[in-house]
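Before any comments, here is the structure.
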Amino acid sequence: MYWINGVESETLPINDRSTQYGDGFFTTMKVENGEICLWPFHLERLRVSAKRLMMTPPNWHELEAQVCSIAKSIALGGIKILISRGAGGRGYSPEGCVTTQVIVSDFQYPSHYKQWQKNGIELGVSTIKLGLSSPHLAGMKHLNRLEQVLIKDEIAKTETTDVVVLDLNNKVIETSIANIFWIKDSRIFTPDLSFSGIEGVMKKHLQQLIKISQLELNERSVELCELENADEVFITNALFEIVPINAIVNTKFTQHKFTHRFQERLYSC
């Protein structure tokens, strides 16, 4: 079901800037037992994105009340919030766009994610490289996701579950849908996302868990060979949380000690 500015609807103005220019951002949330998991992190992502794009913010209190009301009837599922700058005239200039469009939708929880969490998955390596972002957009979950569309199309033509994605400099960034972490000699690493990739909500939560565990997360710019040389690899996103990686192409990973430890210490919604 879809709600636009709090009203059930599936219709947007043809001149909405989300469809004309990808002028907006979004977040996707897990809902469990009527509660939105990690809601403060998702709200912060939305607030920061609106500020970075210099967009008129919606009424955050009304939005929170709406999504919490929708979540109450969901035992296990998801809610997506998409915020557009709104309808505007021809041309790139956002001048005159003061009525933000807030699009909320709910969806069923992907059933295979539970199997991923339990059994892990194998990764390929995408041939599609991510471009380097402007610092104004780096890390943001904005609506310009054509690189991910192409990566997903590439995955669909293979038997690969997901892929490691590199940037134009052949540095490891993420997978098609997740942040990636690796363990080497009991040290925890994740890619530097200063110029490519998405700063995930689950990554933010995991950073807290790592700190509580009196460990340190090291952000590094590395090539694929360092990832393949790891003792352990796992991926994260807000829906499937933490998933162990069993292999990257022909490199196998049999150790999942840290992965299971963090799985056990995850939040309760």
Side-chain angles (χ1 to χ4, degrees), residues 27 38 40-42 44-45 48 52 116-117 120-126 129-141 147-148 151 162-267:
T27 196
L38 301 180
F41 289 94
H42 287 286
E44 179 65 13
R45 162 187 270 176
V48 169
R52 289 177 67 184
W116 286 16
Q117 291 171 345
I121 63 171
E122 297 185 357
L123 300 177
V125 178
S126 179
K129 309 291 179 67
L130 297 178
L132 303 181
S133 298
S134 158
H136 296 289
L137 300 176
M140 188 188 304
K141 203 163 188 181
E147 291 171 323
Q148 285 70 32
I151 292 165
D162 198 5
V163 290
V164 178
V165 182
L166 313 177
D167 68 11
L168 291 174
N169 294 324
N170 289 318
K171 303 299 185 181
V172 174
I173 299 298
E174 57 194 7
T175 78
S176 72
I177 54 173
N179 291 123
I180 191 163
F181 298 79
W182 66 96
I183 317 296
K184 183 65 178 178
D185 298 328
S186 297
R187 299 178 66 198
I188 307 171
F189 299 91
T190 196
D192 179 356
L193 303 183
S194 297
F195 298 102
S196 292
I198 294 174
E199 292 286 354
V201 162
M202 183 53 66
K203 176 184 174 181
K204 297 281 188 185
H205 178 58
L206 187 60
Q207 286 174 313
Q208 290 189 344
L209 291 183
I210 290 171
K211 187 174 182 180
I212 291 170
S213 302
Q214 297 184 324
L215 298 169
E216 182 181 350
L217 179 62
N218 303 276
E219 298 193 47
R220 295 186 56 177
S221 180
V222 303
E223 296 188 356
L224 185 61
C225 58
E226 181 161 334
L227 191 61
E228 293 173 327
N229 194 41
D231 300 323
E232 180 177 349
V233 180
F234 63 88
I235 60 175
T236 67
N237 79 12
L239 290 180
F240 61 57
E241 298 162 346
I242 298 176
V243 167
I245 299 304
N246 299 324
I248 299 175
V249 190
N250 296 320
T251 303
K252 306 294 183 183
F253 303 99
T254 58
Q255 178 177 306
H256 302 302
K257 179 178 67 174
F258 281 89
T259 306
H260 293 153
R261 181 191 301 181
F262 290 130
Q263 283 179 325
E264 291 169 359
R265 294 183 183 181
L266 275 179
Y267 59 84

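Since the structure is predicted, the reported quantities are computational estimates derived from the model, not experimental observations.
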For this session: Please identify each residue that fulfils side chain to side chain contact (heavy atoms under 4.5 Å, CB included) with Glu122, with sequence neighbours left out.
Result: Asn246, Ala247, Lys252
Seminar exercise, completed: For Glu147, the salt bridge (charged side-chain N to carboxylate O under 4.0 Å, His left out) test, sequence neighbours excluded, returns none
Seminar exercise, completed: Applying side chain to side chain contact (heavy atoms under 4.5 Å, CB included) to Glu226 and not counting sequence neighbours gives Trp182, Arg220, Val222
For this session: Report yes or no: does Asp167 contribute a side-chain atom to a donor-acceptor pair with the main-chain N or O of Leu132 at less than 3.5 Å?
Result: no
Exercise. Can you name the closest pair of heavy atoms from Ser196 and Gly131 and give their distance?
Worked result: OG-O, 2.7 Å
For this session: Would you list the pairs meeting salt bridge (charged side-chain N to carboxylate O under 4.0 Å, His left out) in which at least one residue belongs to residues 169-180, sequence neighbours left out?
Result: Lys171-Glu223
Seminar exercise, completed: The salt bridge (charged side-chain N to carboxylate O under 4.0 Å, His left out) partners of Lys129 (sequence neighbours excluded) come to none
For this session: Might you work through the side chain to side chain contact (heavy atoms under 4.5 Å, CB included) test for Leu166 and Leu130, ending with a clear yes or no?
Result: CA-CA 6 Å; Leu166 313 177; Leu130 297 178; over 6 Å; no
Problem set entry | Residue list, side chain to side chain contact (heavy atoms under 4.5 Å, CB included) with Ser194, at least two apart or on another chain | Asp192
Seminar exercise, completed: Between Pro191 and Val172, the two heavy atoms sitting closest are CB-O, 3.2 Å
For this session: Applying side-chain contact (heavy atoms from CB on, under 4.5 Å) between Thr175 and each of Val163, Leu123, Ile121, report the one that passes.
Result: Leu123
For this session: Please tell me if the side chains of Leu193 and Ile198 come closer than 4.5 Å, counting only heavy atoms from C-beta onward.
Result: no
Exercise. Take atom CZ in Arg261; do more than 12 heavy atoms of anything else shown fall under 6.0 Å from it?
Worked result: yes
For this session: Walk me through it: do Ile173 and Phe195 pass the test side chain to side chain contact (heavy atoms under 4.5 Å, CB included)?
Result: CA-CA 9 Å; Ile173 299 298; Phe195 298 102; over 6 Å; no
Run the side-chain donor-acceptor check on residues 230-238: report pairs under 3.5 Å with partners two or more places apart or on a different chain.
unit_1	atom_1	unit_2	atom_2	d
Asp231	OD2	Asp185	N	2.8
Glu232	OE1	Lys257	N	3.4
Glu232	OE1	Phe258	N	3.2
Glu232	OE2	Lys257	N	3.3
Glu232	OE2	Phe258	N	2.9
Glu232	OE2	Thr259	N	2.6
Glu232	OE2	Thr259	OG1	2.8
Asn237	OD1	Leu239	N	2.9
Asn237	OD1	Phe240	N	2.8
Asn237	ND2	Ile177	O	3.2

Problem set entry | Gln208: partners by side-chain hydrogen bond (donor to acceptor under 3.5 Å, both in side chains), with sequence neighbours left out | none
Exercise. Between the side chains of Gln117 and Glu241, does any donor sit under 3.5 Å from an acceptor?
Worked result: yes
Problem set entry | For Pro244 against Gln263, the heavy-atom pair lying closest together | CD-NE2, 3.8 Å
Tell me which donor-acceptor pairs under 3.5 Å the side chains of residues 211-219 have, and how far apart each pair is, sequence neighbours excluded?
unit_1	atom_1	unit_2	atom_2	d
Ser213	OG	Leu209	O	2.8
Ser213	OG	Arg265	NH1	2.7
Asn218	ND2	Ile188	O	3.1

Exercise. So, for Ile245 and His256, which heavy atoms are closest and what is the spacing to 0.1 Å?
Worked result: O-CE1, 3.2 Å
Exercise. What pairs with Lys204 under side chain to side chain contact (heavy atoms under 4.5 Å, CB included), at least two apart in sequence or on another chain?
Worked result: Phe41, Gln207
Problem set entry | Nearest heavy atoms of Val165 and Ser126, plus distance in Å | CG2-CB, 4.3 Å
Exercise. Shortest non-hydrogen contact from Leu38 to Met202?
Worked result: CD1-CE, 3.7 Å
Exercise. With Thr251, which residues qualify under side-chain hydrogen bond (donor to acceptor under 3.5 Å, both in side chains), at least two apart?
Worked result: none
Problem set entry | Glu44: partners by salt bridge (charged side-chain N to carboxylate O under 4.0 Å, His left out), with sequence neighbours left out | none
